[in-house]
Structure formats: C-alpha cells, structure tokens
Amino acid sequence: MSVLKTPTPELRQGRRFVESLPGVKLLEDLTWFDDARVWGILCRLTINAVDPDVISAETDWWVTVEESFPFGKITFRPAAERGLSQTFAHQRYNGRVIPGAPWRSGDICVQSPSFVFGQHALDPDPIGQPCRLAWYFHRAIDWLGTAAAGNLLADGDPFELPDFPGVTSPRYTVVHGETPETFQAWTSGRDWYGTAEIVAVDPPRDKTVVLRRFLNRQGEEVLAYSWGRDVARSKRLVIPAAWVRCESLPVSFPYQAIDSWGDLLAHLLGEGRERHFRSVTELIRDGESHFLLLGFPIPSHVGQAATQLHWQPIMLPKLSHGTSFRNGFRPNAQGYWMQDRYEHFSQGKKPDWHKAANWSKESTAGKGRIDSLSDIRTLVIGAGAIGSVVSELLVRAGCGPMVVCDGDEIEHGNLCRHTLQVKDIGRNKAEALADRLLGVHAHAKVQHVPDAFPPVEEEDLALIAHCELILDCTGDDATLHELARCVWESEKTFCSISLSYKASRVYVYTARGRSFPVDDFRTRFTNWAERDARDFTGEELVQGAAGCWHPSFPARVDEVWMLSAAAVRRLEEAVLGAETEPQLAVFEQVSETCFQGIRRV
C-alpha cells in the first residue's frame with residue numbers, strides 16, 4: 001500500500017543521476033511502499049537483445065531503495081507486467097509475483113562479490129554517494145546484456161546453485177558433508193536410492209538437521225559422514241529421509257530450479273531415475289512427512305568436471321498408505337503410486353524445496369582453517385585460561401583430534417579469563433572444556449583426561465600415547481620436568497606456552513624429539529625469567545577471595561586471549577616449517593603512551 005511520504009534530498013539527487021542514463025526510461029516516479037518499507041521506481045531497461053526468445057529488448061523493472069539511501073539495499077526486481085518471467089543464473093527464483101506488490105520474486109544479483117564483507121573500502125559500490133543508484137543501473141544493464149548473450153555462467157567462474165523455492169515457511173536446512181573423497185565413493189558405488197539417517201542439532205527449536213549416514217534399500221550402510229561427537233552420538237533422530245541419486249541438476253531453461261512435480265518426474269524419467277523414486281516411496285509409506293534428498297554432481301567452477309555430490313532436500317507430502325489408493329487399482333504399490341501421482345505429483349503441484357548446507361571440513365577451508373594442523377592429534381596439558389583459549393582457537397580452525405589433560409576443578413575465579421561458564425563451576429576442567437570444544441565445531445573430536453600430567457590410568461596413558469603434538473599450557477615448571485621424564489615411542493612436536501607476570505609477554509617454546517628438552521628450555525628461558533623476576537620485585541600481590549592467602553595472577557582477559565592468538569600463530573609456523581631445532585619465541589605488548597599492539601622480540 002502506498003502512503004504519502006517525501007523522498008530525501010539524497011534520493012531525489014540519486015534519481016536525477018539516472019534520468020540521463022542511456023537505455024533507461026523512468027515510467028513511474030518514486031513511490032513509497034509502506035508494507036515493504038522501501039521506495040520504488042518503475043523503469044524500462046533497453047538492451048540489444050541477442051535472442052528475443054530469451055530476453056526481450058525492452059523489459060520493465062521495479063527498483064527498490066531503502067530509506068537510508070545512499071546507504072542500505074538497492075534491489076532490481078522484474079515488474080509483474082512486462083518484466084522477465086524466467087529465472088537466470090545469479091537471480092533469485094522468479095516464478096511468482098510477490099503478493100501485494102507490483103513485482104516478481106526474482107531480484108537479480110548486481111552487487112559486487114565483495115559486498116558480503118560489509119566494508120566500503122573493499123567494495124566498488126559507491127556507498128554513501130548519490131551516484132550509487134546510477135551505478136546499480138549500470139550493473140543491471142550489464143547483467144541483462146550478459147544474460148541475453150548466455151554468458152552469465154562463464155567457464156572458470158565459481159559454480160553457483162540455482163535458488164530452490166520453498167512452499168512452506170520457515171524452511172529446514174538439511175546439512176550434508178560431501179567432499180571430493182565421498183564423491184569418488186558415490187561414483188564407484190552401485191546404489192542409486194535408499195533411506196538416510198538424520199539427527200537434529202541443538203537447540204531443539206532450530207530448523208537445522210544433519211545427515212549422518214545413507215542406507216540402501218536393504219538397510220545396509222552405503223556411506224557415513226565423519227562428524228564430531230555431538231552429531232555422531234546424537235540420539236535426537238528425525239524421521240528417516242528418502243534419497244535418490246541423479247546425474248544432473250534439476251533445472252529448466254535458462255537456470256530455474258524445477259518448480260512443478262510433473263516437470264521433476266519428467267526430469268527423473270529422462271535420467272532413468274523415476275523408477276528409483278517410485279521404489280523409494282515404498283520405504284516411507286507410513287503416514288508421515290519425509291524429506292526426499294535429490295543428489296546430483298556439481299563442479300567447483302563452471303565448465304569443469306564435477307568434484308562432489310550435492311543433496312537438495314524436498315519435503316514430501318504424506319504419501320498414500322492403508323486404504324488410500326487410486327480407484328480402479330488394488331491397495332498395492334501400483335495403487336498407491338497412482339494415487340500419489342494424482343494427488344501430490346501432478347503438473348500443477350509444486351515441490352517444497354528446503355535449504356541445503358555443506359558442513360564438511362573442506363567447506364570451511366576458505367574461512368580460516370589451519371591446514372597444517374588439520375590432521376595432527378594434539379595433547380593439551382592444562383585446561384586453564386591459556387589452555388582453554390588456545391584449544392578453542394585450534395578446534396575452531398579445524399585442527400585434528402584433541403585430548404585435554406587437567407586434574408583441577410573450575411572455580412568462579414577462573415572464569416574472568418576462561419572460555420568456560422558459570423554452569424561449569426565445580427566440574428573437572430578437562431571434562432568441561434572438552435564438552436565445550438565439542439560444541440564449537442561440527443567435526444570436533446575431543447577427549448579428556450581428568451588428571452594431572454602424567455596420568456596414572458592405563459587407558460589415559462594409551463589415549464595420549466598417539467598424540468603427535470604435545471602442547472603444555474600450564475605455565476608450571478614441575479609439569480615441564482614431568483614431560484622431560486617421559487620418553488615417547490615416536491618423535492613428537494613439543495610446544496610450551498606461558499605468560500609473564502601481568503601478561504606483558506608470552507613465551508612460546510617449540511622443540512622436536514622423543515622427550516621434552518627441559519635443559520635447553522631452561523637455558524633459553526633463564527634471561528627472560530630473570531627479567532620477569534626484576535619486573536615482579538616490589539609488586540604487591542593481588543589478593544583473591546577471603547580465606548587462605550593465595551595471590552591471584554594479575555592478567556586481563558583481553559591480554560590473555562590476544563597473546564594466546566599470537567602463540568597459535570607461532571605454533572602453526574613451527575609445524576608448517578617442520579622445524580627440527582628448539583626455538584623460543586617471545587611476543588610482548590607494546591605500550592608507550594598508548595597501546596600499540598604486540599611485537600616479536
């Protein structure tokens with residue numbers, strides 16, 4: 001609904017920039033849409049169409065602009081009349097008109113790829129400038145010309161899935177863990193359909209479920225993903241899904257996700273998979289709604305060979321069963337299928353596509369994974385402040401299996417610098433920290449030893465024996481001597497991380513061998529220890545809670561976490577460089593008249 005509202009001077013100026021653009025004709029001036037809380041401009045864009053059967057030379061568009069212009073979103077949507085009706089690549093599903101609005105659903109992607117970072121310095125979009133609206137018009141005309149030429153999906157571009165439209169809201173997200181390795185397993189296998197085991201993840205109200213494993217029609221396991229403990233051991237099973245593996249993307253020309261059951265069945269029939277779909281429905285005729293997972297191969301880049309499988313979920317309606325079968329047929333597979341074809345899968349019925357997500361380790365590689373540590377089994381000795389921060393940084397960065405070793409309990413005073421919470425007070429530090437780490441990454445594999453190092457139980461000794469990276473975060477000299485007394489069966493990478501008094505410095509000692517070289521550590525560390533002692537002299541100790549007098553270690557949480565991050569960078573450097581000689585790296589805070597950062601000294 002339109003209401004009387006006055007455009008801002010910036011928006012009026014932006015509109016004037018557009019008036020003189022070639023190929024642009026303004027049909028309707030700025031109109032306020034109260035329901036959408038946007039300004040709209042109806043315009044006609046003209047291009048030299050290569051094929052008028054694909055895109056007309058003239059198409060009408062509604063350009064919507066948020067009130068905060070020249071900031072905020074600018075969107076190009078095909079007009080309900082004389083606008084594009086097809087869906088192209090780099091466009092939202094365009095198969096419906098938005099209720100109560102004069103435009104269709106398929107807004108086109110005209111932002112630069114770097115807009116997702118939300119930083120003006122990285123984005124050519126002239127955010128904050130009145131000419132910004134004209135910049136978007138130029139981008140829209142370029143998009144139209146590229147679409148008309150059939151070049152929106154150019155060879156070498158990153159591959160992009162089409163927008164799969166849903167019928168119900170909110171939609172579920174079904175998570176898979178496909179990789180190039182699992183793709184090889186699928187392509188070498190002979191199973192094309194079956195059922196899948198799905199589990200819910202916390203919190204229960206979340207609309208996210210995770211695929212755990214695939215079974216064939218005989219109930220035998222075909223493939224299982226290697227998830228972390230929270231997913232692998234979850235008892236919150238969701239109703240089983242059906243799956244059918246296809247050979248190509250379920251799209252219609254030019255790049256629209258198939259949006260009718262009739263067309264989808266025709267697509268499956270063309271690949272010889274319609275019979276598989278019919279067969280898999282017999283496995284889930286129980287009066288409940290189930291997901292159907294359509295799997296199809298996708299490349300990493302346009303024009304290249306497929307590298308992995310993608311699973312796109314559809315929420316199936318409740319299939320025919322019991323006495324619900326087609327007139328003229330018996331209550332058997334044929335009768336049920338004919339009823340479903342008539343009631344659910346006819347041409348006018350729309351598949352209820354839901355969302356898919358890939359949570360494989362490989363999918364996070366571009367988001368900050370530390371590849372050099374991704375397969376290394378790590379023992380973290382000490383689950384105090386340093387140990388909690390360092391271990392969480394490692395787990396979030398996709399590092400390999402981890403064992404946390406500590407015999408102490410978490411106390412309230414620990415929480416000012418720790419990653420644990422009030423609810424963990426009184427628990428063993430190693431156990432509580434392991435539980436937290438298992439919840440911060442879908443592939444986290446963390447075990448704990450609720451004892452000081454070295455543990456005494458045989459099973460605990462066996463657990464740590466296979467660790468390749470031994471990480472001491474205790475800041476305790478006695479622990480280093482215990483480490484030196486241990487002779488491991490194979491060479492290990494050792495790393496000891498400790499803070500100076502008041503956390504002005506962090507010491508990161510690295511070495512390689514079958515035992516920790518405590519004498520070399522002491523030699524390298526002596527001068528720094530003496531410097532710490534001089535800094536400490538005359539300092540008044542910080543008193544903790546009333547009772548037995550035990551001073552508190554004076555360091556702020558931001559200092560501990562900042563220096564811990566520097567230690568992780570140094571650890572990565574040592575592992576990546578395959579260093580064989582012991583080294584002591586020291587990082588210190590730089591604060592003269594003000595805080596300036598940290599430096600390596």
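Not less than 6.0 angstrom separates the ring centroid of Phe277 from the ring centroid of Trp192. Ring centers of Trp62 and Phe33: under 6.0 Å apart, within the cut-off.
Looking only at atom types and distance, the side chain of Gln347 has a donor-acceptor partner in the side chain of Ser260 under 3.5 Å away. Counted by atom type alone, Lys361 and Thr179 present zero donor-acceptor pairs between their side chains at under 3.5 Å. Using modelled atom types and a 3.5 Å distance limit, the side chains of Ser105 and Arg92 yield no donor-acceptor pair. Checked by atom type, the side-chain pair His310/Gln312 shows a donor-acceptor distance below 3.5 Å. Defined by atom type and a distance below 3.5 Å, a donor-acceptor pair is present between the side-chain atoms of Arg217 and Tyr193. In this structure, a donor-acceptor pair under 3.5 Å is absent between the side chains of Asn151 and Thr146. Between the side chains of Asp125 and Tyr136, a donor-acceptor pair is found at a separation under 3.5 Å.
Partner Trp311 forms a ring pair (Phe, Tyr, Trp, His ring centres under 6.0 Å) with one of Trp186, Phe296, Trp359 and no other, that one being Trp186.
Side chains of Pro78 and Gln91 form a contact here, defined as non-hydrogen atoms less than 4.5 Å apart.
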Q) Could you walk me through whether Arg37 and Asp34 pass the salt bridge (Lys or Arg N to Asp or Glu O under 4.0 Å) check? A) CA-CA 5 Å; Arg37 305 297 300 171; Asp34 198 48; 2.6 Å; yes
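Atom-to-atom distance recorded for Leu373:CG and Leu393:CG is 11.5 Å, nearest 0.5 angstrom.
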Which pairs of donor and acceptor atoms, one on a side chain in residues 284-294, lie under 3.5 Å apart (sequence neighbours left out)?
unit_1	atom_1	unit_2	atom_2	d
Arg285	NE	Glu282	OE2	2.9
Arg285	NH1	Ser320	O	2.7
Arg285	NH1	Asp340	OD2	2.6
Arg285	NH2	Asp340	OD2	2.7
Asp286	OD1	Glu288	N	3.0
Asp286	OD1	His290	NE2	2.8
Asp286	OD2	His290	NE2	3.0
His290	ND1	Pro240	O	2.6

Cut-off 3.5 Å, no hydrogens considered: what does the side-chain donor-acceptor table look like for residues 159-167, sequence neighbours left out?
unit_1	atom_1	unit_2	atom_2	d
Glu160	OE1	His90	ND1	3.2
Glu160	OE2	His90	N	3.4
Glu160	OE2	His90	ND1	3.2
Asp163	OD2	Tyr93	N	2.8

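Applying the salt bridge (Lys or Arg N to Asp or Glu O under 4.0 Å) test to Asp435 and every residue at least two apart in sequence or in another chain returns Arg229, Arg427.
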